[in-house]
Amino acid sequence: MTILGIETSCDETGAAIIEGEKESVKLLSNIVASSLAMHAQTGGIIPERAAREQVKFMLPVLKEALQKADKTLDDLDGIAVTYGPGLIGSLLVGVETAKTLAYVTKKPLIPVNHMVGHIYANWINTSEKQNFSPRTSHFLPPTFPAVVLVVSGGHTDLLLMKKHGEFQLLGGTRDDAAGEAYDKIGRLLGLPYPAGPRIEQLAKEGNPKRFRFPRPLLHEDTFEFSFSGLKTAVLREVQKMKTIDEATCRDIARATQDAICEVLVKKTLRAAKDHGVNTIMISGGVAASQTLRENFSLLTSHLSLQFFAPAKNLCTDNAAMIASAAYFNFKPVPWPEVTADPELYF
Ligand code: KG4
Ligand code: ZN
């Protein structure tokens with residue numbers, strides 16, 4: 001089954017072609033045009049500017065995805081598109097493009113929740129090793145039931161997934177998402193947006209003992225998260241200093257990363273234990289963090305749990321994950337009924 005995916009929920013414009021084969025998905029093309037360089041200058045995304053860039057990128061990205069996969073619109077079995085959550089102007093670019101294509105080609109249109117898309121990046125078979133335990137050289141799709149951590153710029157959610165398309169929300173964030181915490185703390189340190197990858201790089205040479213930031217809700221009997229206190233703790237440290245030298249920047253980066261990773265890993269492991277689940281899956285932009293992946297890999301192998309994470313380039317926003325979600329949950333909706341929903345949740 002050949003599916004075109006379209007993703008424009010935030011600052012990226014993505015189009016991808018995948019081929020579904022039983023319990024995994026083969027990537028034929030995955031094109032992502034980013035307006036990040038523009039947002040790095042402004043320290044964050046300006047929605048109107050993001051959408052305008054997406055209007056420019058959408059058709060060339062679509063054409064490139066088809067060309068690279070050596071497919072035409074006629075070859076498609078379905079068109080999948082992110083319909084929420086996200087920025088309304090951005091979502092509309094993808095949704096209206098997909099609806100037009102569905103109308104013209106009469107192909108099935110499958111609206112996909114962006115967060116569900118992130119989770120389904122775990123089923124895409126790439127050459128990068130994704131199955132951390134058991135350590136196999138070939139691709140293994142995740143098994144059910146699984147505890148899933150979706151950790152991105154907009155969300156930090158823990159879910160129980162018993163089968164394809166069935167999610168039980170165990171807890172979300174009460175305030176800032178983990179990626180948002182990375183980005184806001186990065187801004188305090190004068191780092192460009194998005195700050196997650198840069199904080200990870202700086203943390204490598206940071207002193208783990210100089211600062212210790214709070215681990216919010218770590219020991220409380222809840223699967224909810226809260227990261228805004230962490231940002232405030234960093235702000236207090238920064239306000240005490242006249243200037244932030246490079247060593248301080250590295251040490252704060254290290255303490256930030258240690259706090260975020262510890263909360264994410266421990267809460268996810270506890271959710272797996274409480275629900276008697278042997279499979280853990282992570283997804284979303286923050287799942288690209290090598291440190292987070294290694295921490296999960298180490299602890300899950302000690303506990304004989306299976307751990308899955310998508311290839312790093314499929315953790316951040318892309319259209320292949322949207323097409324993958326549509327393949328496993330092939331529920332077409334007539335095109336006039338598909339509308340963008342910026343507030344969509346699980
Ligand atoms: O999933 P995503 O691309 O967009 C949303 O749907 O939000 O996630 C973007 C987030 C940003 O907050 C970014 O700082 C974070 O993922 N991120 C990372 C890393 N790479 C991206 N955070 C920590 N470490 C990384 N290596
Ligand atoms: Zn995302």
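As the structure lists them, so they are numbered: ligands from 1, and atoms in each ligand from 1. As a basis for the values below, the full set of heavy atoms in this structure was taken, side chains included, without hydrogen atoms, waters or symmetry mates.
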Atom indices of ligand 1, in the order listed, that fall short of 4.0 Å to a heavy atom of Thr316: 3 (O)
Proximity winner for atom 15 (C) of ligand 1, if only heavy atoms of Val286, Asp317, Ile185 are counted: Val286
Under 3.5 Å side-chain donor-acceptor pair for Gln168 and His275: no
Gly153 neighbourhood, listing ligand 1 atoms whose heavy-atom distance to it stays under 4.0 Å: 5 (C), 7 (O), 8 (O), 9 (C), 10 (C), 12 (O)
Non-neighbouring partners of Arg52 that pass side chain to side chain donor-acceptor pair (under 3.5 Å), sequence neighbours left out: Glu48
Contacting atoms of ligand 1, where contact means under 4.0 angstrom from a heavy atom of Pro194: 13 (C), 14 (O)
Close aromatic pair by centroid cut-off 6.0 Å: His114 and Tyr83: no
Selection from Ala287, Gly86, Gly285 by shortest heavy-atom distance to atom 1 (O) of ligand 1: Gly285
Gln257, portion touching ligand 1 at heavy-atom distance under 4.0 Å: neither
Any side-chain donor near an acceptor of the partner, Ser228 and Arg174, under 3.5 Å: no
Pro334: partners by side chain to side chain contact (heavy atoms under 4.5 Å, CB included), with sequence neighbours left out: Pro336, Glu337
Within reach of ligand 1, part of His114 (heavy-atom separation under 4.0 Å): side chain
Flag for Gln306-Thr279: side-chain donor and acceptor within less than 3.5 Å: no
For Lys331, salt bridge (charged side-chain N to carboxylate O under 4.0 Å, His left out) partners two or more places apart: none
Protein contact to atom 11 (C) of ligand 1 [nearest heavy atom, distance to 0.1 Å]: Asp183 OD2, 3.5 Å
Asp221, CG atom: more than 12 neighbouring heavy atoms under 6.0 Å: no
Protein N, O or S within less than 2.8 Å of the Zn ion (ligand 2), waters excluded: His114 NE2, His118 NE2, Asp317 OD1
